[in-house]
Amino acid sequence: MAVAPVMKPAASSADPILKVEHLSMRFGGLMAINDLSFECRRGEITALIGPNGAGKTTVFNCITGFYKPTMGMMTLRQKAGKDFLLERLADFEINKRAKVARTFQNIRLFTGLTVLENLLVAQHNTLMRASGYTILGLLGFPAYRKASKESIELAKHWLEKAALIERADDPAGDLPYGAQRRLEIARAMCTGPELLCLDEPAAGLNPRESLALNTLLQGIRGETGTSILLIEHDMSVVMEISDHVVVLEYGQKISDGTPDFVKNDPKVIAAYLGVEDDEIEEVIAEVEEVAHEVEEGGQK
Amino acid sequence: MAPVSATPGRAEASTMARALREAVLAGIIAFGLFVLYVGLKTDQNISNELILVPRPGLLAIFVGLAMVARFLGVLYIQPAMKRRRDAKSAAADLELQPSYVKRNFSTIAIIALVLYPPLMVALFGTQGSLKWVDNFGIQILIYVMLAWGLNIVVGLAGLLDLGYVAFYAVGAYSYALLSTHLGLSFWVLLPMAGILAALWGMILGFPVLRLRGDYLAIVTLAFGEIIRLVLINWTEVTQGTFGISGIAKASIFGIYSFDVGAPNNFAKVFGLPMSAAYYKIFLFYVILALALLTAFVTIRLRRMPVGRAWEALREDEIACRSLGINTVTTKLTAFATGAMFGGFAGSFFAARQGFVSPESFVFLESAVILAIVVLGGMGSLVGIAVAAVVMVGGTEMLRELTFLKAIFGPDFTPELYRMLLFGLAMIVVMVLKPRGFVGSREPSAFLHARKSVSSSFTKEGHG
Amino acid sequence: MEYFVQQLVNGLTLGSIYGMIAIGYTMVYGIIGMINFAHGDIFMLGGFAALIVFLALTSLFAGVPVVIALLVMMIVAMIMASLWNWTIERVAYRPLRGSFRLAPLITAIGMSIALSNFIQVTQGPRNKPIPPMVSSVYNIAGITISLKQILIIVITAVLLSVFWYIVHRTPLGRAQRATEQDRKMAALLGIDVDRTISVTFIMGAALAAVAGTMYLMYYGVVVFTDGFIPGVKAFTAAVLGGIGSLPGAVLGGLLIGLIESLWSAYFTIDYKDVATFSILAIVLIFKPSGILGRPEVEKV
């Protein structure tokens with residue numbers, strides 16, 4: 001293989017929220033991620049894209065602690081300036097202490113709990129402290145009652161944002177697919193994250209649900225300043241909402257930059273469409289056309 | 001429409017034919033199943049050798065019963081059940097206002113339970129009430145409490161525990177040993193037994209929490225057996241299979257005693273005639289209070305973060321971890337809380353019997369408790385209480401059926417059939433109501449209106 | 001050294017019996033994912049069938065050769081146990097297939113209680129001893145091996161080979177393995193899933209019945225409670241070896257037999273079951289899927 005081509009470096013920001021350096025993950029003989037480095041900037045939406053099997057979800061699982069990476073360093077810097085090395089934290093501590101929340105590719109809701117209860121479970125750690133690790137709460141101390149009320153207020157806030165307030169008392173398993181996706185995001189937000197990782201949030205949504213999702217995500221970024229890292233296949237979503245795109249193929253980064261830059265990067269096009277080098281020009285034209293149509297479709 | 005009118009008759013005839021065919025088939029199968037076990041009986045003759053005694057009559061009865069049951073089943077019961085199912089699905093859309101009794105079930109039940117002992121005394125006299133208060137009242141309430149305790153582990157947290165009886169044993173032996181050796185009173189030892197059992201819950205729970213599903217089940221079963229075997233074999237302390245007897249009775253907070261010789265004997269102080277019934281009535285209220293405490297704590301905990309985390313754990317463990325919930329401590333608290341109530345019940349059991357031996361803590365007990373939890377509907381306190389009444393009360397009833405002796409002859413002992421019928425009842429109830437008596441789940445918080453969650457959404461846990 | 005080898009032989013004999021019962025557990029678990037708690041009682045029923053046949057044979061034909069007697073006992077026991085297990089599956093498990101996971105477990109426990117009490121009621125609660133059938137004993141290099149032990153080990157080995165052949169080389173075995181992997185897909189591909197499951201129950205019961213016959217021959221006594229302890233041990237064996245794995249079940253059975261006899265020989269017989277269960281717990285803590293079980297991959 002030739003030397004990696006010079007690519008327009010993603011403008012290195014002074015304040016990255018997440019810095020992934022030399023991340024590698026090996027499953028037996030398979031190198032799922034190979035020496036991957038990238039950054040997520042604070043307050044921005046970073047998209048992780050790539051063909052099927054490129055290792056996107058594996059990256060997520062490493063960041064959120066479900067896998068322990070074979071090698072590499074993942075540094076999360078909170079607003080207050082505190083650093084966490086994610087690979088050293090236990091899975092639940094990544095949410096509890098480092099404040100990274102995530103959603104799952106195949107939605108994982110507590111289907112037998114109501115929508116509201118799902119959001120209350122997400123506030124477990126706050127409520128645990130307020131209830132004096134259950135004991136004070138069991139004895140009926142007022143501090144817990146107050147915290148309990150506040151937790152319902154927070155849940156209500158996110159239910160309104162996710163347009164689910166009407167369904168608050170229904171079992172989560174009873175919601176339609178798109179609403180379940182939004183609920184999962186709302187639930188993640190209830191943990192008060194600094195970085196929100198979304199694994200294919202738009203997968204399987206119809207255009208109307210897609211639109212509702214975009215509104216929710218824009219709202220989250222605009223209002224809370226939460227940084228977002230997302231995996232997505234739906235290019236219209238990626239191009240429309242992300243500030244920065246990282247492209248993976250076979251566990252390696254092949255492109256990194258603004259959506260416009262990535263869209264026109266021949267390597268990306270080749271990876272997605274699998275074409276010879278000399279056909280790339282053609283493909284670029286096609287892709288632009290499609291992107292244009294998609295944009296128009298989105299505006300409708 | 002003329003040709004159609006002929007079909008009902010034909011359909012009936014074909015159902016009849018099918019019923020006959022099925023009945024014959026059932027008869028053949030029943031003959032195969034029972035020919036050796038019912039048709040022949042192994043008996044010892046005078047020289048202590050085993051001989052076979054044929055019982056063709058009994059075999060014929062078994063086969064006949066199977067045929068008749070199948071025949072009636074195909075002909076009447078299956079169509080009736082189908083009609084009921086259809087009627088039910090048609091009526092499902094109607095929002096039914098629950099009746100007064102249904103809405104206030106818990107209150108009514110508690111009042112009835114408080115009034116139960118005096119009512120029994122009024123009906124059967126002081127001595128006559130003994131059986132009703134002890135065999136039915138206390139016995140059922142112990143199982144209710146145990147099942148409510150296990151419900152925290154199985155019903156809420158979704159962890160399948162097949163060795164729950166171990167904690168019951170720990171509680172019972174804690175009380176038995178500490179009261180005989182140290183002379184501590186029931187009211188001091190009750191909380192201690194609970195704490196010890198909870199401690200054991202954590203000790204046993206910690207290594208196995210990584211296990212999932214049926215692995216957890218078998219290891220908890222193994223732990224239950226280990227504890228029982230240690231109780232049998234560690235004779236210096238536990239006196240092995242002989243058990244520990246002469247365990248002190250509980251007192252009314254040290255004010256009144258139930259020891260016959262004591263100066264502050266309850267009956268003496270109040271100038272009542274001596275009877276064991278007072279102690280039983282007192283114990284009835286103690287176990288009622290303990291059971292209600294279990295229910296109260298469970299209800300309270302369900303509305304607290306830890307209880308919600310238990311239920312979330314049952315629904316999806318991975319999602320729990322992604323939300324920053326420490327699943328290990330969450331599971332441990334469930335184990336320990338469940339074990340604690342088991343320990344309370346155990347120390348009560350020791351005080352009631354005055355005697356403990358490993359015999360009382362066999363796997364069958366764990367199985368019965370688990371069966372009550374599942375038959376009641378996992379997580380539902382009311383359902384579980386109903387299941388305990390039906391299963392335990394029902395089998396206790398068999399002891400009362402002495403009139404059957406008149407029919408089957410004096411050798412007939414209904415007790416012998418108690419566990420057989422218990423096992424069969426477990427199967428029948430489960431097949432008819434796989435989700436238990438109460439399948440739906442009450443949410444722990446609501447915004448607009450409390451709606452119960454249908455069982456089709458709740459999960460049962462993998463751990 | 002001779003003492004050790006002697007115990008090894010005893011352990012292998014016992015382990016063969018456990019292994020044969022364990023296969024029934026592991027196959028049923030593999031195919032429908034339930035613990036068939038009544039399987040131990042099927043083993044007991046097999047033992048009783050053998051006992052009754054033995055008594056019938058000796059009273060009707062006084063001088064019947066031992067080989068023929070054993071063969072008839074085994075065959076009748078296999079038929080009886082198969083018929084029972086088939087009926088049990090039809091009546092108590094099939095109606096619950098696809099519903100709630102704990103429901104069939106509870107019916108299985110109920111079935112176990114009902115079966116042992118059924119035998120207690122119909123056959124009486126006492127021990128049922130029979131005169132020794134096979135009493136030849138060989139002395140090889142200071143080690144006594146009884147013909148009984150040789151018979152048990154040989155029969156186990158032969159049956160396991162037959163069994164292995166069925167599962168791995170016949171269309172029936174293929175149907176079983178397919179159903180195990182994915183019941184829905186197997187049904188879509190035209191496999192009669194109900195029938196395959198029934199056959200699995202019959203096969204497991206037949207092996208348990210053979211084990212029951214061997215047990216009766218080896219110990220010369222059977223009683224209605226005999227289903228429980230060997231049943232739990234065999235289930236422990238199945239889990240220890242890795243539930244769902246056939247070689248695992250046999251391996252687990254042999255291991256448990258060896259642990260038991262070696263522990264009884266060198267330590268105290270009182271705590272032999274404690275030793276067995278403790279080793280199970282220890283193995284599972286370090287290898288949660290058993291010795292030969294495939295590790296359960298946590299899909300995120």
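What's counted below: heavy atoms across the whole structure, side chains too, no hydrogens, waters or symmetry copies.
- In this structure, the side chain of Arg182(A) engages the main chain of Ala162(A) through a donor-acceptor pair within 3.5 Å.
- For Phe66(A) and Phe60(A), the gap between ring centers reaches or exceeds 6.0 Å.
- There is no contact between Thr64(A) and chain B, counting heavy-atom distances below 4.5 Å.
- Side-chain contact check for Cys62(A) versus Glu87(A): every heavy-atom pair is 4.5 Å or farther apart.
- Residue Leu113(A) touches chain B through both its backbone and its side chain, counting heavy-atom pairs closer than 4.5 Å.
- Chain B forms the most heavy-atom pairs under 4.5 Å with one residue out of Thr191(A), Ile152(A), Leu109(A), Val121(A), and that residue is Val121(A).
- Side chains of Leu175(A) and Val115(A) form a contact here, defined as non-hydrogen atoms less than 4.5 Å apart.
- Both the backbone and the side chain of Arg187(A) come within contact range of chain B, judged by heavy atoms closer than 4.5 Å.
- Between the side chain of Gln123(A) and the main chain of Leu119(A), a donor-acceptor pair closer than 3.5 Å is present.
- For a residue to count as touching a neighbouring chain, one of its non-hydrogen atoms must lie under 4.5 Å from one of that chain's; by this rule Leu159(A) touches chain B with the side chain only.
- When heavy atoms are compared at a cutoff of 4.5 Å, Asn125(A) approaches chain B solely by way of its side chain, counted from C-beta outward.
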